[in-house]
Amino acid sequence: MQTNNLILETENTGKIKENRKENKKASKSFIVIMIVSMLVGGIIGGLSTVVKEDFLKDERINQVIGKFFMTVIGTSSPFVMGLIGIVGFSISIHLYRKSREQYKNGNKEDEALYEVIEKKLSYAIAISSSILVIDFFFFEASTYYMVHGNGFAFIIPSVIIFLGSIFVLLIIQQKIVDFEKEMNPEKMGSIYDMKFQSKWMDSCDEAEQLITYKSAFAAFRMVNILCIFLMVSLSLLSLCFQIGLLPAFVVTLIWFTMQIVYVKESICLNNKKMKHTS
Amino acid sequence: MPLNNKLKEYRAKMNINQQEMGQLVNASRQTISLIERGDYSPSVTLAIKISNVFGVTVEDIFQYEEDLENADK
């Protein structure tokens with residue numbers, strides 16, 4: 001017993017020394033990055049104040065700039081939504097049709113065939129989902145312009161195009177999901193089901209779930225970086241422009257939610273019995 | 001450490017495709033493809049199910065590269 005304790009103590013001491021060494025090594029570049037970031041931030045902050053004092057002193061300039069962007073984005077919203085929709089959905093539909101054709105005419109014993117088709121369908125889903133996100137922004141821009149810029153004329157086409165985009169997106173995604181289920185009969189779930197994501201995930205096996213988890217973690221890391229970038233950018237912008245606190249609050253909310261959900265899930269999963277699906 | 005496998009060989013002997021293999025072990029065709037390419041190491045449960053399909057041991061199908069190197073030495 002004493003020998004075991006001694007061995008443990010020796011291992012712990014070794015680990016502590018290793019940790020200190022690792023921290024010392026990494027902290028050198030970390031400190032350099034922090035100093036450089038503070039200097040750059042200080043310079044940009046200082047310049048922002050100069051811009052504010054010298055170029056944006058007159059509050060009317062602030063309003064003109066704000067109005068300009070609101071008008072440009074607000075008036076162009078229906079056209080941009082329409083153009084993105086036509087181009088994006090055309091590509092998605094083309095990819096879907098090509099995949100269907102390849103599946104129908106191809107050799108179903110050929111494993112490479114499925115890889116090519118899966119890739120095309122993934123791109124089709126990615127494009128159509130991205131269009132929805134962009135459309136949400138431009139629709140919001142239209143409603144903002146309607147209320148604050150008297151842009152009533154643009155709201156109706158924006159609404160029509162927005163709702164049309166959602167409709168087309170649902171049809172495309174339904175077709176793709178049904179096609180996936182044809183190729184992979186074990187897959188379950190209808191996209192019109194509110195629980196589609198969990199049903200689909202439950203029907204995925206261990207490798208597919210691992211791919212999803214790894215992809216989600218990559219997205220989590222990227223959003224973390226993005227939130228830092230946004231907070232810094234918003235801080236600097238607020239020195240020059242009257243953007244209010246709402247943008248910073250929204251970023252904080254998203255960032256905070258992500259962190260809390262991640263930690264909560266980690267704790268729950270650590271306490272649960274982990275099992276593979278197969 | 002990479003895991004070598006002879007899943008494709010055994011599958012060819014039985015004349016079944018990846019889809020059918022997946023159905024036999026309750027896995028997707030994609031997973032079978034990933035395993036054969038060496039891009040995914042299956043869980044213990046899945047490895048046992050796969051070996052049971054062919055009536056062989058897990059070690060007959062899956063081998064650590066390290067074990068192969070030791071065997072050669």
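Chain letters run A, B, ... following the sequence lines, proteins first and then strands; every chain starts at 1.
- The part of B:Ser33 that comes within reach of chain A is its side chain, from C-beta onward, which places non-hydrogen atoms under 4.5 angstrom from that chain.
- Within the cation-pi definition used here (under 6.0 Å to the ring centroid, within 45° of the axis), B:Lys13 qualifies as a partner of B:Tyr10.
- With a 4.5 Å cut-off on side-chain heavy atoms, B:Phe54 and B:Ile50 count as touching.
- For chain B, the nearby parts of A:Glu208 are the backbone and the side chain; heavy atoms of each come within less than 4.5 Å.
- Judged purely by atom type and a 3.5 angstrom limit, B:Asn5 uses its side chain to pair as donor or acceptor with the backbone of B:Ile35.
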Decide yes or no on side chain to side chain donor-acceptor pair (under 3.5 Å) for B:Ser28 and B:Thr31, but give the supporting numbers first.
CA-CA 5 Å; B:Ser28 66; B:Thr31 298; 3.0 Å; yes
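- B:Glu20 does not touch chain A: none of its heavy atoms, backbone or side chain, sits under 4.5 Å away.
- In terms of heavy-atom proximity, A:Ile176 sits nearest to A:Tyr96 at CG1-CD1, 4.0 Å.
- The CD atom of A:Gln102 sits 12.5 Å away from the CG atom of A:Asn107 when rounded to the nearest 0.5 Å.
- Contacts with chain B (heavy atom to heavy atom, under 4.5 Å) involve these residues of residues 112-137 of chain A, listed by number: A:Tyr114, A:Glu115, A:Glu118.
- Contacts of B:Gln23 classified as side chain to side chain donor-acceptor pair (under 3.5 Å), with partners at least two apart in sequence or in another chain: none.
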